[in-house]
S.K.: 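Mind looking over this structure? Questions follow.
None of the values given here were measured: they were computed from a predicted structure. Nothing fancy with the numbering, it's 1 onward along the sequence.
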Amino acid sequence: MFDKEIEFSAHENYFEIKEDYPIPAKLNIPEWFKKLEHNITNLTVKGCMPFLDSLTAGYILKMPQDFHIRHNVDTKDKDGKNIKDSFQTYGLHDYSSILLAKFLNLNSGLDTHSLKQLEGSPFIKKNSNLPFYKILNPWKIKTPKGYSCLFVSPLNNSDDRFSIISGIVDTDTFPNEINFPVVINADKYPVLEDVIKKGTPYVQVIPFKRENWKMNVKSRNQKEIINSRIFYALKILNNYKEKYWNKKSWK
């Protein structure tokens, strides 16, 4: 039974492009995971339900257009001085006239965060001390009253070239599209020139109910710990799945 609904809406012209629609994260499981075998003599992460739950939680947003990355690439400005490029569009698609792009929240496809906005954060070094570009998302996201959304790079399945800066938005009240700051993986790619293709999964959207919590810290004695681990000591296959796991459904 589905008693909660998340709504993705966009300009009517963009809505016609069905291949750009958000999808349930369960449709974005990586091939390497599908090929894994899990049995009593060969225990793999394919039998780890927490890992699978992370892959399949929520919904996936896909790149709305091609993006050409020129990260930390030497180039020259109009006066002939050396400058460093970071992230720029590769060009809008046929559906994006200047007027339409404004409605789609695409414009040039990008916006920026200055270094000052994230001063002192580890993201500065990660991004080679260059400005942080934001991918402009054409989808407005609406959740029921009391529900927010966590936005992260696809969990255990992110692109190794870049990630978004994670955030939580109260999508039951926020009236506009949500854009996503990008951090280039300069640890692996100190200089990178590449194209992130239209349709590439880049954000995982996980709705959740807002609730108030308080923390309780307590001790456990040795007997309690031993008893709680006894089933795992027996190495029963799919123990967590059969005894503790609750199935989730995202459509």
Side-chain angles (χ1 to χ4, degrees), residues 1-38 44-65 93 95 103-106 135-159 163-180 196-211 213 238-251:
M1 180 179 178
F2 297 91
D3 57 355
K4 299 302 175 189
E5 181 178 274
I6 184 170
E7 177 186 276
F8 297 89
S9 61
H11 185 273
E12 58 188 14
N13 296 69
Y14 187 68
F15 179 78
E16 298 299 319
I17 309 169
K18 296 191 184 324
E19 65 267 24
D20 280 9
Y21 281 16
I23 60 172
K26 66 183 180 181
L27 301 180
N28 189 49
I29 295 177
E31 288 300 317
W32 67 263
F33 183 84
K34 294 177 182 178
K35 293 176 181 178
L36 282 177
E37 294 185 7
H38 177 72
T44 69
V45 75
K46 195 165 189 176
C48 177
M49 301 314 295
F51 190 95
L52 180 62
D53 277 346
S54 76
L55 287 178
T56 58
Y59 306 90
I60 295 293
L61 299 182
K62 297 178 283 187
M63 280 284 191
Q65 62 185 93
H93 290 271
Y95 59 80
F103 282 112
L104 298 186
N105 192 34
L106 287 174
I135 297 172
L136 302 184
N137 160 45
W139 295 99
K140 177 185 173 183
I141 300 167
K142 181 73 173 176
T143 48
K145 184 178 180 180
Y147 284 78
S148 300
C149 284
L150 168 66
F151 297 93
V152 294
S153 293
L155 294 171
N156 291 319
N157 191 21
S158 59
D159 194 298
S163 60
I164 67 160
I165 296 177
S166 302
I168 290 174
V169 177
D170 295 341
T171 42
D172 56 342
T173 58
F174 187 67
N176 298 316
E177 299 88 355
I178 300 156
N179 301 318
F180 302 103
I196 301 173
K197 298 298 292 182
K198 177 179 180 288
T200 299
Y202 78 109
V203 175
Q204 189 165 349
V205 184
I206 304 175
F208 66 93
K209 186 178 181 180
R210 293 192 302 274
E211 297 178 300
W213 291 78
N238 298 326
N239 180 273
Y240 174 80
K241 179 179 180 181
E242 294 173 6
K243 294 184 69 66
Y244 309 108
W245 180 67
N246 292 288
K247 186 176 181 180
K248 294 85 177 171
S249 189
W250 307 88
K251 289 189 176 181

S.K.: Would you say the side chain of S166 lies within less than 4.5 Å of the side chain of V152, judging by non-hydrogen atoms?
M.R.: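 A side-chain contact exists here, since the closest heavy-atom pair is under 4.5 Å.
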S.K.: Nearest 0.5 Å please: distance from the CZ atom of F51 over to the NZ atom of K46.
M.R.: 12.0 Å
S.K.: If I compare all heavy atoms of C149 with all of T143, which pair ends up nearest, and what's the gap?
M.R.: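 Looking at all heavy atoms of both residues, the closest pair is SG-CG2, 3.6 Å.
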S.K.: Within the side chain of Q204, is there an N or O that forms a donor-acceptor pair under 3.5 Å with the backbone of A25?
M.R.: no
S.K.: Taking atom CD1 of I135 and atom CG of L61, what is their separation to the nearest 0.5 Å?
M.R.: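 One gets 10.0 Å once the value is rounded to the nearest 0.5 Å.
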S.K.: Given D172, which of R210, K142, K145 fulfils the side chain to side chain donor-acceptor pair (under 3.5 Å) condition?
M.R.: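 Running side chain to side chain donor-acceptor pair (under 3.5 Å) over R210, K142, K145 with D172 returns exactly one hit, R210.
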S.K.: Find out whether V205 and F151 are in side-chain contact, i.e. whether some heavy atom of one side chain is under 4.5 Å from a heavy atom of the other.
M.R.: yes
S.K.: Can you name the nearest heavy-atom pair linking W250 to P24, along with the distance?
M.R.: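 Answer, listing the atom of W250 first, then P24: O-CB, 3.9 Å.
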S.K.: Answer whether the closest heavy-atom distance between the side chains of M63 and D159 falls below 4.5 Å.
M.R.: no
S.K.: Can you confirm whether more than 12 heavy atoms, excluding those of K247, are under 6.0 Å from its NZ atom?
M.R.: no
S.K.: Quick one, P201 and I23 - any side-chain contact, counting heavy atoms below 4.5 Å?
M.R.: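 Not touching, per the 4.5 Å side-chain cut-off.
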S.K.: Could you state the interatomic distance from CD1 (I60) to CG (L27), rounded to the nearest 0.5 Å?
M.R.: 9.5 Å
S.K.: Side chains of K251 and K26: closer than 4.5 Å at any heavy-atom pair?
M.R.: yes
S.K.: Using 0.5 Å steps for rounding, measure from the OG atom of S9 to the CD atom of E177.
M.R.: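 It is 7.5 Å, given to the nearest 0.5 Å.
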S.K.: Excluding sequence neighbours, so at least two apart, what forms ring-ring contact (aromatic ring centres under 6.0 Å, His included) with Y21?
M.R.: F15, W139
S.K.: Please report the interatomic distance CG(L136) to CD1(I178), rounded to the nearest 0.5 Å.
M.R.: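 Going from the CG atom of L136 to the CD1 atom of I178 covers 13.0 Å.
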S.K.: For the residue pair N137 and V203, establish whether any side-chain heavy-atom pair is separated by less than 4.5 Å.
M.R.: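 No; the side chains remain at least 4.5 Å from each other.
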S.K.: Would you mind reporting whether I29 and L52 have side-chain heavy atoms less than 4.5 Å apart?
M.R.: yes
S.K.: What pair of heavy atoms forms the shortest contact from S158 to S153, and how long is it?
M.R.: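 Scanning both residues completely, I find the closest heavy atoms to be CB-CB, 4.0 Å.
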S.K.: Count the heavy atoms of every other residue, nucleotide or ligand shown that sit under 6.0 Å from CD of E37, and state whether that count exceeds 12.
M.R.: no
S.K.: Which distance, rounded to the nearest 0.5 Å, do you find between the OH of Y59 and the CD1 of I206?
M.R.: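 Reported to 0.5 Å precision, the distance equals 11.0 Å.
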S.K.: If we only count heavy atoms from C-beta on, is the T56 to K248 side-chain gap below 4.5 Å?
M.R.: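 No, too far: nothing below the 4.5 Å cut-off.
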S.K.: Measure from the side-chain N and O atoms of N156 to the backbone N and O of S54, and report whether any donor-acceptor pair falls under 3.5 Å.
M.R.: no
